[in-house]
Amino acid sequence: MTEPILITKTRNYSYKQDSEDFLIIRICNSHIIGKNPEGFPSLSWVVLINPHTKERVCRRVKGTRQDQESLDENAIEIDSATVLGKLSQLKRPLGDDGYYPCNLLLKKANFFDRVMALWDYPQASLRIPLQISLISLFLGILGAVVGLAGIILSITK
């Protein structure tokens with residue numbers, strides 16, 4: 001199990017294509033499994049948590065690109081939608097080093113966090129099938145429970 005990482009600095013994406021996929025967080029390569037066996041696998045799901053307000057955001061993690069300026073050990077690159085909408089703590093003035101100061105924890109996401117991230121995904125081709133599947137699963141379970149209750153009631157009469 002990967003230990004949570006304390007994130008103290010964030011900046012906007014430096015790679016243009018990252019902003020097209022809002023689910024990406026870029027972290028220092030030393031936190032990716034190729035460089036560190038205790039790290040996160042590339043494209044694995046992680047949760048950013050504000051320890052003070054308990055705000056949570058689930059994203060996928062990537063290391064920095066080879067042609068990209070490297071990140072500090074305790075810094076991330078994150079999308080502006082997260083900064084503006086989900087993690088209010090990130091709305092701070094830019095520091096002298098080009099980073100926004102913050103105090104966040106980065107840890108591995110559980111199944112529920114991943115489902116909630118995809119439930120709110122802006123791309124309908126991914127979001128709607130998931131929503132339909134989960135609603136169908138819920139209705140199927142509800143139907144099975146009602147059916148079993150009917151069978152049990154008919155047997156006990």
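- Val115 and Ile128 fall into different hydrophobic clusters, defined by Ile, Leu, Val, Met, Phe, Trp and Tyr side-chain heavy atoms under 4.5 Å apart, directly or through other members.
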Under 3.5 Å donor-acceptor pairs involving side-chain atoms of residues 129-139, not counting sequence neighbours:
| residue | atom | partner | partner atom | Å |
| --- | --- | --- | --- | --- |
| Gln131 | NE2 | Trp119 | O | 3.1 |
| Ser133 | OG | Pro129 | O | 2.8 |
| Ser136 | OG | Ile132 | O | 2.8 |

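- Here the closest heavy-atom approach between residue Ile49 and residue Val47 is recorded as CG1-CG1, 3.6 Å.
- Considering all non-hydrogen atoms of both residues, Asn103 and Pro51 come closest at O-CD, 3.2 Å.
- Atoms NZ and CD1, from Lys62 and Ile76 in turn, are 15.5 Å apart once rounded to the nearest 0.5 Å.
- Scanning for side-chain contact (heavy atoms from CB on, under 4.5 Å) contacts around Ala144 gives an empty result, with sequence neighbours left out.
- Rounded to the nearest 0.5 Å, atoms CG (Leu118) and CD (Gln123) are 11.0 Å apart.
- Within the model, atoms NZ of Lys108 and OG of Ser44 stand 7.0 Å from one another, a figure rounded to the nearest 0.5 Å.
- Side-chain atoms of Val46 and Phe40, non-hydrogen and from C-beta on, do get closer than 4.5 Å to each other.
- Annotation: side-chain contact (heavy atoms from CB on, under 4.5 Å) contacts of Asn74 (sequence neighbours excluded): Thr8, Lys9, Asp72.
- Side-chain atoms of Arg59 and Leu48, non-hydrogen and from C-beta on, never get closer than 4.5 Å to each other.
- Chaining together hydrophobic side chains whose heavy atoms lie under 4.5 Å apart places Ile151 alongside Ile155.
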